Number of protein chains: 2
Amino acid sequence: MLRPKKHASDASALARFKSEFFKALAHPLRIRIIDALRDGEVGVNDLCERLDVEQSTLSQQLAQLRSRNIVTGRKEGQNVYYSIRDRAIFRLLDVAKEVFNNQLINVQDMLAQLEVASGGPR
Amino acid sequence: MLRPKKHASDASALARFKSEFFKALAHPLRIRIIDALRDGEVGVNDLCERLDVEQSTLSQQLAQLRSRNIVTGRKEGQNVYYSIRDRAIFRLLDVAKEVFNNQLINVQDMLAQLEVASGGPR
DNA sequence: TGCTTATATTGCAATATTCATATATAAAGA
DNA sequence: TCTTTATATATGAATATTGCAATATAAGCA
């Protein structure tokens, strides 16, 4: 063993944190929220209509993105405007898109693949 | 509405697929597996020892990475050697690290933050 | 103060994920 | 063939995540 287990906690801790971060991106609605914030801050009300989801559902997902420091909310009067904290996030999404493109499949195939991967339609 | 709902399925489908992809990275062990494959293919047996996990647990997580086209396994005799399909994955991890660095916190703080974000230690 | 609008949070049932044990499969050797 | 070794898969219990409905909070207005 190069490193005794007692000293491996750092690498493992980093892995835990990284995975927490990716978890923030591991939900369709959260991806759509981030995409909706590409061009700057958007109000919750606006988001709710654009994404066509329940208000409480949106608020919950926003809370997750907040707790992972991905978005930040600015309160103005009764409204709250959300924006992305670090635009490097978009690069992350773009690199991800690149990985998809490398796989040379289109969205239709992606969906079919999705269903295979998850053992059939839910 | 700019786009009627019936035509929004593509963006939503892409979001679903992206989130599936990030789900693959949303687990500490899977991150560690990917990291372990940075320098080329590694046998399952070797991985199992390096990562210090149950054989079946490792095999299950490898199956997830396989089903999402992130790794591929090459069988040689009784052994199976895994490798990363597309090295763009590593760029993804590197950009993620950059996001962490932008937050200007160290691993210790990350862990503390983890516990707050998840509502306390598990 | 009471009313309305915007957002957040709580409670809870449904669903999904994880991990270990046990079992299956497949290759190699005796 | 029987045995061993390597890997994969099935089963099931524990845990985590999700999304809706209901409720709370907070700001602005009558």
Side-chain angles (χ1 to χ4, degrees), chain A residues 12 15-16 19-33 36-37 41-68 71-83 114-122, chain B residues 12 15-16 19-33 36-37 41-68 71-83 114-122:
Chain A
S12 168
R16 272 207 286 154
S19 72
E20 277 300 313
F21 173 75
F22 285 118
K23 232 178 254 182
L25 306 177
H27 192 280
L29 182 53
R30 293 195 295 266
I31 292 279
R32 292 206 292 147
I33 291 171
L37 300 180
E41 68 176 17
V42 179
V44 173
N45 226 341
D46 195 355
L47 262 185
C48 207
E49 283 177 12
R50 279 208 233 173
L51 304 180
D52 187 39
V53 286
E54 284 289 323
Q55 179 269 322
S56 67
T57 299
L58 176 60
S59 205
Q60 281 162 8
Q61 302 306 328
L62 283 171
Q64 290 199 37
L65 292 173
R66 244 187 298 128
S67 78
R68 307 204 211 256
V71 302
T72 185
R74 177 179 67 84
K75 188 157 193 172
E76 183 184 313
Q78 330 178 50
N79 303 312
V80 178
Y81 297 91
Y82 276 88
S83 57
L114 249 190
E115 299 191 344
V116 171
S118 62
R122 297 126 194 251
Chain B
S12 169
R16 272 207 286 153
S19 71
E20 278 299 312
F21 173 75
F22 285 119
K23 232 177 255 181
L25 306 177
H27 192 280
L29 180 53
R30 293 195 294 266
I31 293 278
R32 291 204 294 146
I33 290 171
L37 300 181
E41 67 176 19
V42 178
V44 173
N45 225 342
D46 195 356
L47 263 184
C48 206
E49 282 177 13
R50 279 208 234 171
L51 304 179
D52 188 38
V53 286
E54 284 288 325
Q55 178 269 322
S56 68
T57 298
L58 176 60
S59 205
Q60 282 161 7
Q61 302 305 329
L62 283 171
Q64 291 199 36
L65 292 174
R66 246 186 297 128
S67 77
R68 303 200 213 259
V71 302
T72 185
R74 176 179 68 84
K75 189 156 192 173
E76 183 182 313
Q78 331 178 48
N79 303 311
V80 178
Y81 297 90
Y82 277 88
S83 57
L114 248 190
E115 298 192 344
V116 172
S118 62
R122 299 129 196 246

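Here the structure is a predicted model, which is why all the values come from computation and not from measurement. All chains are named by letter (A, B, ...) in the order of the sequence lines, taking the proteins before the strands, and each is independently numbered beginning at 1.
- Taking CG from L51(B) and CD from Q61(B), the interatomic distance works out to 11.0 Å, rounded to the nearest 0.5 Å.
- Comparing Q60(A) and V80(A) along DNA chain C, the residue whose closest nucleotide (by nearest heavy atom) sits nearer the 5' end is V80(A).
- Regarding L25(A), its CG atom lies at a distance of 15 Å from the P atom of dT17(D), rounded to whole Å.
- Toward the 5' end of DNA chain D, the nearer of the two residues N45(B) and H27(A), judged by each one's closest nucleotide, is N45(B).
- Contact between the side-chain N/O atoms of Q64(B) and the OP1/OP2 oxygens of dT18(C) is found at a separation under 4.0 Å.
- For Q61(A) against dT17(D), a side-chain-to-base donor-acceptor contact under 3.5 Å is absent.
- The shortest distance between the side-chain N/O atoms of R66(B) and the OP1/OP2 oxygens of dT9(D) is below 4.0 Å.
- Summarising the geometry, the separation between CD on E54(B) and P on dG12(D) is reported as 19 Å, rounded to the nearest angstrom.
- A close approach under 4.0 Å does occur between a side-chain nitrogen or oxygen of T57(A) and OP1 or OP2 of dC20(D).
- Computed from coordinates, the L62(B) CG to dT9(D) P distance equals 11 Å when rounded to whole Å.
- Distances shorter than 4.0 Å separate none of the side-chain N or O atoms of N79(A) from OP1 or OP2 on dA27(D).
- A distance of 7.5 Å separates CZ in R32(A) from CG in D52(A), rounded to the nearest 0.5 Å.
- Between the CD1 atom of I33(B) and the P atom of dT18(C) there is a distance of 11 Å, given to the nearest Å.
- With rounding to whole Å, I31(A) atom CD1 is found 12 Å from dT18(D) atom P.
- The heavy-atom pair separating Q55(A) from C48(A) by the smallest distance is CA-SG, 3.7 Å.
- For the side chain to side chain contact (heavy atoms under 4.5 Å, CB included) with Y82(A), the lone residue among L65(A), L62(A), V42(A) that qualifies is L62(A).
- At least one donor-acceptor pair under 3.5 Å links the side chain of R30(B) to the backbone N or O of A24(B).
- Not one side-chain nitrogen or oxygen of Y82(A) sits closer than 4.0 Å to the OP1 or OP2 atom of dA6(C).
- Look at CD on E20(B): it is 14 Å from C1' on dT17(D), rounded to the nearest Å.
- One finds the CG atom of L29(B) at 10.0 Å from the CD atom of Q60(B) (value rounded to the nearest 0.5 Å).
- Rounded to whole angstrom, the span from the NZ atom of K23(B) across to the C1' atom of dT15(C) amounts to 11 Å.
- Looking at heavy atoms from C-beta onward, I31(B) lies in side-chain contact with L25(B) at the 4.5 angstrom threshold.
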Next item on the list: Indicate for each nucleotide in nucleotides 22-29 of chain C, in 5' to 3' sequence, whether protein heavy atoms under 4.0 Å reach the base (B), only the sugar-phosphate (S), or nothing (-).
Entry: B---SBS-

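- Between the CG atom of L29(B) and the C1' atom of dT17(C) there is a distance of 13 Å, given to the nearest Å.
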